[in-house]
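Report on the following structure.
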Amino acid sequence: MSFPLLTATAALPAVGAIATAAVPAARRTAAKWLALLVSLATLVLAAVVLVRFDPDGDRYQLTESHSWIKDFGVRYELGVDGIGVALVALTALLIPFIILAGWHDADPLETGNKRWRPTQGFFALILAVEAMVILSFEATDVFLFYIFFEAMLIPMYFLIGGFGDRAHAGSDENAATQRSYAAVKFLLYNLVGGLIMLAAVIGLYVVAGNFSLQEIAEARANGSLDMATNTERWLFLGFFFAFAVKAPLWPLHTWLPNAMGEATAPVAVLITAVVDKVGTFAMLRFCLQLFPEASKWATPVILVLALISIIYGALLAVGQRDIKRLVAYASISHFGFIILGIFAMTSQGQSGATLYMVNHGISTAALMLVAGFLISRRGSRLIADYGGVQKVAPVLAGTFLIGGLATLSLPGLAPFVSEFLVLVGTFARYPVIGIIATLGIVLAALYVLVLYQRTMTGPVKPEVAAMPDLRVRELVVVAPLVVLLIFLGVYPKPVTEIVDPAVKQTMSDVQKKDPQPEVEAAK
């Protein structure tokens, strides 16, 4: 039996979470280093998975399959395609930066009465989320995917509600209430989506007789499994609803600004750069592959919802006074672009959407983590409390600017390539929607540049006059992300050559071909 590499990639952070939680309470620093080392070891395993993956090989590689619940046809089946392997690599890459950025976020607090923050639990929960997200990207058994799709809500609930942002206006009691509200809202929204998906998973089993993604997809392709039109559409809606909540897609998005606003900056990155990617990934893997006809049937409505997300999220970002909520609404706009690319049903659109998942993860991590460093220095999330920071902390301001420019998809930075592909792919089939979606780019430039102007330029406010610049640990967090943004902006081929074959197979699943350009004959 070959070494179970995919299992090891997910099992290592799971075991690391248990070990970190078991570290004695007095040895907080040891728990931090253990979590960091485990995350780095997981990154090494993910790199091995990436190297061993052959883009021109079988659709699902490094597969593992074992009987689990035999009476119900549930199997422990893992496998990665080009899209899955790219997102596994992204997850493993970001977790060490998240841990380093949150190095002091769970240290004991002294605010009036001493309140102990269980440091070990904070880092253990982050590793637990990493394990569940990686397994979600690897699972090819629908029921197995569902288990981890839902299970990751538990550690995320405690990370949001138990380790909230310290820079909260008002009393400790008010801050705790806001954190609890954000955590419960996150949990309820995603639980409702998950319960609806569970009904669809059971329905799929009744129709197909098993939970194997590959077997069901093959049976659909060769005609041995013929779903009734209404059945397929209802099942599709059950899956898509859960993924749209996770993504998040308008109007199911309202939990995200609360969750990101109340969470610490590293946990906010974990939410939007890692966990939310499971939703858009699952649209490609499950909705399009299992329900191709229903996906095409629902496309017009989904494109309109994605378009609303793009414009609505950007407009609300323009009007925000809170730095973290601004980034949250910007992410809603960006997820609109990703979903637009997926359901444009063109190879450029889907390649751009997949590349966007990777690039958005890196750009949002860079911007939000630097914002977190800024907020921790001033003790406020309000934009109006800043001014002139670039004069006292030029490196912090410079990295903040690069993260912001990446967010607005400046040419030469990674998100530009993916956003361009999404718009080209959308315009090829739906020109009106493609044209309207470009307004999101204009609005992105507005909210990013206004944010930078109000926080970093102008007279130095007395409250920021003594603000220190980025420290060594913070530079170690930010510098690699900035390098990646520039590298993938100039040379995206390492990602595109991995995901393009998987995109072509997805296009084949839905039996769609790229529209041919109409060229007038020369007179």
## Note on the structure
Nearest heavy-atom contact between Met152 and Ser136 is CE-OG, 3.3 Å
### Message
Given 3.5 Å as the limit, does a donor-acceptor pair link the side chain of Tyr452 with the main chain of Thr457, or not?
### Response
no
## Note on the structure
Hits for side chain to side chain contact (heavy atoms under 4.5 Å, CB included) against Pro394, two or more places apart or cross-chain, chain-then-number order -> Asp469
#### Entry: Over all atoms of both residues, closest heavy-atom pair of Ala139 and Arg285
O-NH1, 3.0 Å
## Note on the structure
For Gly425 and Ala344, the nearest pair of non-hydrogen atoms, with its separation, is O-CB, 4.1 Å
### Message
Please check: side-chain N/O of Glu130 versus main-chain N/O of Ile126, any donor-acceptor pairing under 3.5 Å?
### Response
no
### Task
For the pair Glu150 and Lys246, find out whether any cationic side-chain nitrogen is under 4.0 Å from an anionic carboxylate oxygen.
no
### Task
Assess the side chains of Thr272 and Ser331: does a donor N or O sit below 3.5 Å from an acceptor N or O?
yes
### Message
Could you tell me if the side chain of Val129 sits less than 4.5 Å from the side chain of Leu125, heavy atoms only?
### Response
no
### Sidechain-backbone polar pair: Lys461 side chain, Ala384 backbone, donor-acceptor under 3.5 Å
yes
### Task
For the residue pair Tyr356 and Phe337, categorise the inter-ring angle as parallel (less than 30°), tilted (30 to 60°) or perpendicular (more than 60°).
parallel
#### Entry: Which atom of Met132 lies closest to which atom of Pro155, heavy atoms considered
SD-CG, 4.2 Å
### Taking every non-hydrogen atom, the tightest pair across Ile160 and Ala263
CG1-CB, 4.5 Å
### Donor-acceptor under 3.5 Å (Arg429 side chain, Met345 main chain)
yes
### Query
Distance-only, no hydrogens or angles: does the Thr426 side chain make a donor-acceptor pair with backbone N or O of Leu423 under 3.5 Å?
no
### Query
Under a 4.5 Å cut-off applied to non-hydrogen side-chain atoms, are Thr407 and His360 in contact?
no
### Query
Are any of the side-chain nitrogens in Arg377 or Glu474 under 4.0 Å away from the carboxylate oxygens of its partner?
yes
#### Entry: Under 3.5 Å donor-acceptor, Trp250 side chain and Gly336 backbone
no
### Task
Check whether any side-chain heavy atom of Leu326 lies under 4.5 Å from a side-chain heavy atom of Leu451, and answer yes or no.
yes
### Query
Using the ring of each side chain (for Trp, its six-membered ring), is Phe145 parallel, tilted or perpendicular to Phe286, with breaks at 30° and 60°?
tilted
### Val133 backbone acceptor or donor facing Lys277 side chain under 3.5 Å
no
### Message
Is there a side-chain contact between Ile383 and Arg321 in this structure, where contact means two heavy atoms from C-beta onward sitting under 4.5 Å apart?
### Response
no
### Message
Please evaluate residues Leu135 and Leu78 with respect to the criterion side-chain contact (heavy atoms from CB on, under 4.5 Å), reporting the C-alpha separation (whole Å), side-chain torsions for both, the decisive distance (0.1 Å), and the verdict.
### Response
CA-CA 8 Å; Leu135 276 169; Leu78 304 180; 4.1 Å; yes
### Query
Between Val327 and Met260, what is the shortest heavy-atom contact and its length?
CG1-CE, 4.3 Å
### Task
Tell me, with the steps shown, if Leu36 and Trp33 meet side-chain contact (heavy atoms from CB on, under 4.5 Å).
CA-CA 5 Å; Leu36 179 61; Trp33 280 106; 3.8 Å; yes
### Message
For a quick check under 3.5 Å, do Tyr189 and Thr254 share a side-chain donor-acceptor pair by atom type?
### Response
yes
### Message
If you apply the rule side-chain contact (heavy atoms from CB on, under 4.5 Å), what do you find for Glu419 with Asn359, and how did you get there?
### Response
CA-CA 10 Å; Glu419 198 163 282; Asn359 292 339; over 6 Å; no
### Query
If you measure from OH on Tyr312 to CG on Leu443, what distance do you get to the nearest 0.5 Å?
14.0 Å
#### Entry: Derivation of the side-chain contact (heavy atoms from CB on, under 4.5 Å) call for Thr455 and Phe400
CA-CA 10 Å; Thr455 56; Phe400 188 83; 4.1 Å; yes
### Message
Less than 4.5 Å apart, side chain to side chain, heavy atoms only: is that true for Leu87 and Leu90?
### Response
yes
